[in-house]
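Note: hydrogens, waters and symmetry copies are ignored here, and every other heavy atom, side chains too, is used. We're numbering straight along the sequence, starting at 1.
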Amino acid sequence: MEVIFMLIPIAMIFVAIAVGIFFWAVKSDQFEDLEREGSNILFDDEGNNEVPVNKHNVKNNKHDN
């Protein structure tokens, strides 16, 4: 029972830190334009406009019988 008196304040400190990090991320515009940043990792910066090949969509001639 004595442990709970130590665990509750520690949990409250963790929650306060998590809320602080969340508000910092919102304030510093970390959540602006999520779709563009998510698609940037899929394409090269060199201007190569090739679409990455998905292995599941490519038909294998051996199994098309």
Side-chain angles (χ1 to χ4, degrees):
M1 189 64 168
E2 296 166 1
V3 173
I4 201 151
F5 293 125
M6 186 177 16
L7 290 178
I8 290 175
I10 291 173
M12 291 173 63
I13 290 170
F14 282 142
V15 168
I17 290 171
V19 168
I21 291 172
F22 174 74
F23 281 118
W24 167 81
V26 170
K27 183 179 178 184
S28 64
D29 294 331
Q30 295 291 319
F31 295 112
E32 291 293 320
D33 198 12
L34 294 176
E35 293 185 23
R36 181 179 56 102
E37 294 301 322
S39 65
N40 279 346
I41 63 170
L42 299 175
F43 303 108
D44 292 334
D45 292 337
E46 300 171 358
N48 188 359
N49 292 332
E50 293 182 17
V51 177
V53 177
N54 188 353
K55 292 180 182 180
H56 299 290
N57 291 338
V58 176
K59 291 184 178 179
N60 191 351
N61 290 335
K62 295 178 183 177
H63 300 290
D64 285 343
N65 297 333

Between the CH2 atom in Trp24 and the CD1 atom in Ile17, the distance rounded to the nearest 0.5 Å is 14.5 Å

Within 6.0 angstrom of Ile4 CD1, more than 12 heavy atoms from elsewhere: no

Let me check something: do Ile8 and Met1 share a hydrophobic cluster, defined by ILVMFWY side-chain heavy atoms less than 4.5 Å apart, either directly or through other members? yes

Hey, any chance Val15 and Leu7 share a hydrophobic cluster, counting ILVMFWY side chains that come within less than 4.5 Å of each other, even indirectly? no

Distance (rounded to the nearest 0.5 Å) between Asp29 CG and Lys27 NZ: 11.0 Å

